[in-house]
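Before any comments, here is the structure.
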Amino acid sequence: MNEYINPNKLALSDDFFKLAVLEEVQRYFSNSFIIEEWQQYVMKEINQTFDNQKTYRSFDYLCEIVRSLLVNKKVTQENIREVFKEHHKHVLEQIGEYVNEDFPLDVHLSVNEAAVQLAKEERHLVSSMDYQFHLVRNIVTQPKAFVSAGESDDVFQAEIKDSRGNVHGMARVNVAGGLDMPFTDEEQEYWDKLRTAFSAMDEMTADIFDIICFLFLFAPKDEDGYLYFHSNDALKLRSNLVDPNSSLEVRERDRFNIMSRVKALSNIWISLKEGEVIEVDESDLKESKKYKYRDFQKMFEVGKVRAAYDENDKFLGIYACQIKPTSLLTSFLNENKRLGIIDLSALEFHPVRQRPEKRLSRYLATQWFIRLSKNNLYQPFTVKTLVREIDFPVRMRGLDMYDRFVKALDELKAKGIVKDWYFTEPVDFSLFGKTGWLSYFHGLKVAIIPSAEMLEKNKRKLSILQDQHQVDSLAINQMIESLTQPVVIQEMGQRRGRPASFEPVVKKAAVGRETAPAPSQPVIVKEEPAPEITEDSLTAEMVIAERERRGLSLAKAAKEIGIGYNTLKRFENKETKRRNKKNDLKIVQWLKKSQLEE
């Protein structure tokens with residue numbers, strides 16, 4: 001009988017050593033562009049095809065570090081795996097400088113790929129849920145709120161108000177603001193052509209605001225605290241909008257619009273605190289005067305601006321820049337207790353056609369986070385509050401406003417942001433269009449229930465606060481558990497011109513993103529036993545379905561299975577040229593274990 005030999009414990013040749021290092025580093029280094037470049041480099045070395053092949057010192061040094069950590073150990077797959085498991089942070093820090101040398105920033109490469117990929121997989125951004133932070137973001141979408149600040153023709157200001165009209169601060173914008181940069185004439189002309197601050201203040205500007213703040217939390221920064229914001233980051237996180245009237249190529253037009261918003265954000269100053277100075281007249285101590293003062297601070301600081309040129313030295317445009325939020329914003333972002341979740345759909349909604357959906361998504365995210373911690377999640381909103389947040393055009397009247405309001409909430413439900421919503425009392429359509437109809441409509445109340453997924457994500461965030469005794473953990477747990485209890489609501493017909501019909505309906509909270517309609521009669525469904533999962537029957541669809549059922553990202557699933565992130569990604573995308581039996585077995589075992597734990 002032949003003795004079994006574990007291949008993971010066999011000594012590796014130099015070529016197989018490099019392949020083993022390449023496989024293991026993928027578990028801890030998620031930049032797929034660099035991984036692919038390293039793969040080509042290794043394969044050309046092994047096959048000795050050195051035609052115009054660039055030498056990647058970063059990978060060579062990676063191998064040197066791993067060998068140094070294998071001193072007095074056999075060079076095997078198992079030992080290499082242990083080295084990465086115990087020392088991966090040290091290893092990646094050591095090669096960082098060489099990675100930057102081998103892969104300098106260029107017009108097509110963003111160093112923020114890992115953070116962007118994380119957001120797309122998790123389907124959310126992390127941001128501050130502080131209400132003042134929300135108001136500051138909102139002001140960048142309201143150019144009409146700004147009026148001339150005085151003698152200067154270039155400076156305008158606006159009060160930062162909440163939905164009740166309370167003033168929280170002041171915003172100023174310098175429409176002629178420029179950058180003290182050593183631009184060439186061509187580069188300066190491009191920068192000057194970027195849209196002016198007023199024409200670039202809209203919902204897309206708020207998107208860029210959110211993206212930069214998210215990247216500040218998760219993307220790499222230099223020693224001065226700047227991150228490199230690349231237009232590709234925004235293109236990937238937002239829908240790729242097409243401007244049919246533009247003479248530029250679609251992507252170039254999008255880049256132009258993105259950098260216009262960056263320019264606008266860099267020219268906005270905010271004051272959130274108002275002080276008071278008392279001046280005493282020395283000649284008459286009874287006389288004194290009070291003066292108010294405001295300290296204004298920029299929202300964002302811009303460092304280097306990256307101009308793009310093609311191989312023939314032809315100027316293409318400005319694609320990226322160094323940028324960082326100032327202490328005005330980092331005071332919110334660094335307060336861990338206020339960080340919460342914004343659904344990625346908020347970025348994907350069209351900034352013009354779906355403006356109500358975009359604005360409601362941001363507002364509700366903030367409100368749900370606050371309400372969850374205060375145990376008043378189901379408190380209805382007044383229509384007036386939501387309509388002010390949506391900021392409908394002045395020309396919108398009567399049933400048109402009602403229909404657009406309902407459509408926005410229905411769209412949030414379809415996207416899975418809202419689990420359900422309903423008016424708390426019947427709507428009297430006969431009043432619409434008559435004197436006083438707006439006061440009646442504004443006085444209505446609407447309950448908006450977040451999706452279970454949104455609550456679960458915020459619950460995980462709030463669990464940190466429970467450990468710090470900042471919130472009532474019992475109240476939060478009761479709030480989450482209440483989602484699985486029947487909720488009696490009223491369903492209304494929402495067709496124009498028809499009175500709403502009301503019938504009490506019992507609905508049960510769904511676990512996923514979709515809520516099935518309540519059946520009028522009990523339905524007994526006979527479940528068929530699930531087919532046996534084997535390596536032969538394994539498909540990409542099985543893995544995708546299981547990940548979505550459990551709400552797992554690619555990275556988390558790959559870690560659970562015990563295979564590389566890129567390996568699982570290629571498997572799901574059906575890009576694997578030759579199936580690996582060991583990997584298939586690991587996936588099958590993972591699927592079976594998940595079914596048993598269900």
For this session: State yes or no: are the ring centers of F216 and F229 separated by less than 6.0 Å?
Result: no
Problem set entry | salt bridge (charged side-chain N to carboxylate O under 4.0 Å, His left out) evaluation trace for K556 with E122 | CA-CA 10 Å; K556 289 181 180 178; E122 299 287 352; 3.8 Å; yes
Answer yes or no: is there a side-chain heavy-atom contact under 4.5 Å between [X] and [Y]?
X	Y	answer
P220	L227	no
I341	W368	no
M299	P325	no
F133	L333	yes
K304	Y228	yes
N138	Y363	no
P356	F392	yes
I448	L386	yes

Exercise. Side-chain donor-acceptor pair under 3.5 Å between Q26 and T567, yes or no?
Worked result: no
Exercise. Is it the case that S345 and D343 place a side-chain donor and acceptor less than 3.5 Å from each other?
Worked result: yes
Do you know which two heavy atoms are closest between [X] and [Y], and how far apart they sit?
X	Y	answer
W38	V25	CZ3-CG1, 4.3 Å
A540	F571	CB-O, 3.5 Å
R255	H230	NH1-CE1, 3.9 Å
M129	A365	SD-O, 3.4 Å
K298	S266	CE-O, 3.3 Å
A200	A264	CB-CB, 4.0 Å

Exercise. Under the side-chain contact (heavy atoms from CB on, under 4.5 Å) criterion, do F441 and M401 qualify, and how do the steps go?
Worked result: CA-CA 10 Å; F441 180 50; M401 182 183 291; 3.9 Å; yes
If you round to the nearest 0.5 Å, how far is [atom2] of [Y] from [atom1] of [X]?
X	Y	atom1	atom2	answer
L328	E301	CG	CD	11.5 Å
Q367	Y131	CD	OH	6.5 Å
S327	F332	OG	CZ	10.5 Å
T326	I270	OG1	CD1	9.5 Å
F381	T424	CZ	OG1	12.5 Å
W269	Q157	CH2	CD	14.0 Å

Problem set entry | Lys/Arg cation over aromatic F300: K324, 6.0 Å, 45° cone | no
Just by modelled atom types, is the [Y] backbone N or O under 3.5 Å from a matching donor or acceptor in the [X] side chain?
X	Y	answer
D233	N112	no
K419	K413	no
N267	K263	yes

Exercise. Under the side-chain hydrogen bond (donor to acceptor under 3.5 Å, both in side chains) test, which residues partner N166, sequence neighbours left out?
Worked result: D162
For this session: Using side-chain hydrogen bond (donor to acceptor under 3.5 Å, both in side chains) as the criterion, list what pairs up with T385, not counting sequence neighbours.
Result: T382
Problem set entry | Steps toward side-chain contact (heavy atoms from CB on, under 4.5 Å) verdict (L272, Q297) | CA-CA 9 Å; L272 290 179; Q297 184 178 4; over 6 Å; no
Seminar exercise, completed: Given the options L265, T141, V262, I268, T205 meets side chain to side chain contact (heavy atoms under 4.5 Å, CB included) only with L265
Problem set entry | Heavy-atom neighbours of K407 NZ exceed 12 at 6.0 Å | no
Exercise. By side chain to side chain contact (heavy atoms under 4.5 Å, CB included), which residues pair with E572, not counting sequence neighbours?
Worked result: V543, I544, R547, L554, L568
For this session: Could you walk me through whether R172 and F156 pass the side-chain contact (heavy atoms from CB on, under 4.5 Å) test, one step at a time?
Result: CA-CA 6 Å; R172 284 183 181 167; F156 294 78; over 6 Å; no
For this session: Go through the steps to decide whether H134 and E389 satisfy the test side-chain hydrogen bond (donor to acceptor under 3.5 Å, both in side chains), and finish with yes or no.
Result: CA-CA 11 Å; H134 170 75; E389 285 295 327; 3.3 Å; yes
Exercise. Got a sec, which pairs hit salt bridge (Lys or Arg N to Asp or Glu O under 4.0 Å) with one end in residues 200-211, sequence neighbours left out?
Worked result: R137-D210, D202-R261, E203-R355, E203-R359, E203-R362, D207-R238, D207-K358, D207-R362, D210-R362
Problem set entry | Pairing residues for K384 by the salt bridge (charged side-chain N to carboxylate O under 4.0 Å, His left out) criterion, not counting sequence neighbours | none
For this session: Would you please name every residue forming a salt bridge (charged side-chain N to carboxylate O under 4.0 Å, His left out) with E159, sequence neighbours left out?
Result: K161
Problem set entry | Residues L412, F349; criterion side-chain contact (heavy atoms from CB on, under 4.5 Å); working and verdict | CA-CA 10 Å; L412 295 191; F349 286 131; 3.8 Å; yes
Exercise. Applying the salt bridge (Lys or Arg N to Asp or Glu O under 4.0 Å) test to E348, which of K415, K236, R123 qualifies?
Worked result: R123
